Amino acid sequence: QEVQKGFVRPRKTDLDNLPFMDRGLIYDNTAFKTRFKRTHMASRGCPFRCAYCFEPQFNNLYKGLGRIRQYYNVDRFLDELEFIKKNWDTRYFKFYDDVFPPFPNPGEMDWHEEFCSKYPGRIGLPFHLLTRADNVETLMRKHKLNVIRDWKKAGLASLTMSIESGNCFT
């Protein structure tokens, strides 16, 4: 088949039908075998335009070729975490999403509620996540959703908050 210069395939937006990553390549064959923190992502994509990140260019490349944010459904996400826990000594998860769900939209807020209700029973390990201070503040102020309290109840041990700039006009 001929390759077309400049052709960009649409974004993969249905993550649920992807197979689990072959983590054994890393966890069985490298120093990560004896490390008990496992990294994982519940989502892909970020609409923010942080100067230090590649996402704005990535989003421009895929403009009109699928939504910016994609995420596994909660059960699919937890299935993979259970698989990791069963197969490798795992004591801590680091969720390495650009910004861990939710964004202030109904689908992701529902995802958040479901994740927080199911994670303790199915996984029950402490976790770390990445988020943004302005996103957390918007969820709390406009949507009355206290995500940090909810994450803490689910198992949050620590988090990292990104701040693009101290000046909202830059």
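Here the structure is a predicted model, which is why all the values come from computation and not from measurement.
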Asks: Report yes or no: does N135 contribute a side-chain atom to a donor-acceptor pair with the main-chain N or O of P102 at less than 3.5 Å?
Replies: yes
Asks: Looking at Q70 and R67, what are the two nearest heavy atoms and their distance?
Replies: NE2-O, 2.6 Å
Asks: Look up atom CG in D110 and atom CG in N73, then write down how far apart they are to the nearest 0.5 Å.
Replies: 12.5 Å
Asks: Do M161 and V147 sit in the same hydrophobic cluster, where Ile, Leu, Val, Met, Phe, Trp and Tyr count as joined when their side-chain heavy atoms come under 4.5 Å apart?
Replies: yes
Asks: State plainly whether one hydrophobic cluster holds both F127 and I148, where clusters connect Ile, Leu, Val, Met, Phe, Trp and Tyr through side-chain heavy atoms under 4.5 angstrom apart.
Replies: yes
Asks: Just one of Y27, F36, F32 clears the ring pair (Phe, Tyr, Trp, His ring centres under 6.0 Å) bar with W88, so which one?
Replies: Y27
Asks: Would you say L156 and M140 are hydrophobically clustered, going by side-chain heavy atoms of ILVMFWY under 4.5 Å?
Replies: yes
Asks: If you count heavy atoms of other groups shown closer than 6.0 angstrom to CD of Q57, is the number above 12?
Replies: yes
Asks: Is there a continuous path of hydrophobic side-chain contacts, each under 4.5 Å between heavy atoms, that joins L81 to I26?
Replies: yes
Asks: Any idea which heavy atoms bring Y96 and M41 closest together, and the distance?
Replies: O-CE, 3.6 Å
Asks: Let's go through E114 and D75 carefully: what are the C-alpha distance in whole Å and the side-chain angles of both, what is the deciding distance for side chain to side chain contact (heavy atoms under 4.5 Å, CB included) to 0.1 Å, and is it a yes or a no?
Replies: CA-CA 9 Å; E114 185 179 356; D75 286 321; 3.9 Å; yes
Asks: Test of understanding: clusters of I, L, V, M, F, W, Y form through side-chain heavy atoms closer than 4.5 Å, transitively. Do M109 and Y72 belong to the same one?
Replies: yes
Asks: Rounded to the nearest 0.5 Å, how far does CD of E55 lie from CZ of R49?
Replies: 11.0 Å
Asks: Whether E80 and R23 form a salt bridge (side-chain N of Lys/Arg under 4.0 Å from carboxylate O of Asp/Glu) is what I want to check.
Replies: yes
Asks: First locate atom CZ of R38, then atom OG1 of T90, and finally report the distance between them rounded to the nearest 0.5 Å.
Replies: 4.5 Å
Asks: Kindly give the heavy-atom pair with the smallest separation between D97 and A42, and that separation in Å.
Replies: OD2-N, 2.9 Å
Asks: Out of curiosity, L139 CG to N105 CG, how far, rounded to the nearest 0.5 Å?
Replies: 9.0 Å
Asks: Is the positively charged end of R69 above the ring of F103, judged by distance under 6.0 angstrom from the centroid and angle within 45° of the axis?
Replies: no
Asks: Closest heavy-atom contact between C46 and V99?
Replies: SG-CG2, 4.0 Å
Asks: Answer yes or no: is there a donor N or O on one side and an acceptor on the other, between the side chain of D89 and the main chain of T34, under 3.5 Å?
Replies: no
Asks: Over all heavy atoms of both residues, which pair between L18 and K12 is shortest? Give the atoms and the distance, please.
Replies: CD2-CE, 3.4 Å
Asks: Give, for atom OG1 of T160 and atom CZ of R132, the distance between the pair rounded to the nearest 0.5 Å.
Replies: 14.0 Å
Asks: Of F93, F83, F95, F20, which meets ring pair (Phe, Tyr, Trp, His ring centres under 6.0 Å) against F77?
Replies: F95
Asks: Can you tell me how far CG of L78 sits from NZ of K118, rounded to the nearest 0.5 angstrom?
Replies: 7.5 Å
Asks: Taking side chain as C-beta onward, heavy atoms only, is R76 less than 4.5 Å from N17?
Replies: no
Asks: Picking from Y119, Y71, W111, what satisfies ring pair (Phe, Tyr, Trp, His ring centres under 6.0 Å) with F100?
Replies: W111
Asks: Does I68 reach the side chain of Y62, with side-chain heavy atoms less than 4.5 Å apart?
Replies: no
Asks: Show your reasoning for whether side chain to side chain contact (heavy atoms under 4.5 Å, CB included) applies to R11 and N59.
Replies: CA-CA 10 Å; R11 286 185 194 222; N59 291 339; 2.7 Å; yes
Asks: Where the side chain of K85 meets the backbone of I123, is there a donor-acceptor pair that is under 3.5 Å apart?
Replies: yes
Asks: Working note: L130 + H128, criterion side chain to side chain contact (heavy atoms under 4.5 Å, CB included); need CA distance, chi angles, decisive distance, verdict.
Replies: CA-CA 7 Å; L130 310 174; H128 174 94; 3.9 Å; yes
Asks: Locate the shortest heavy-atom distance separating L65 from V8; write the atom from each residue and the value.
Replies: CD1-O, 3.6 Å
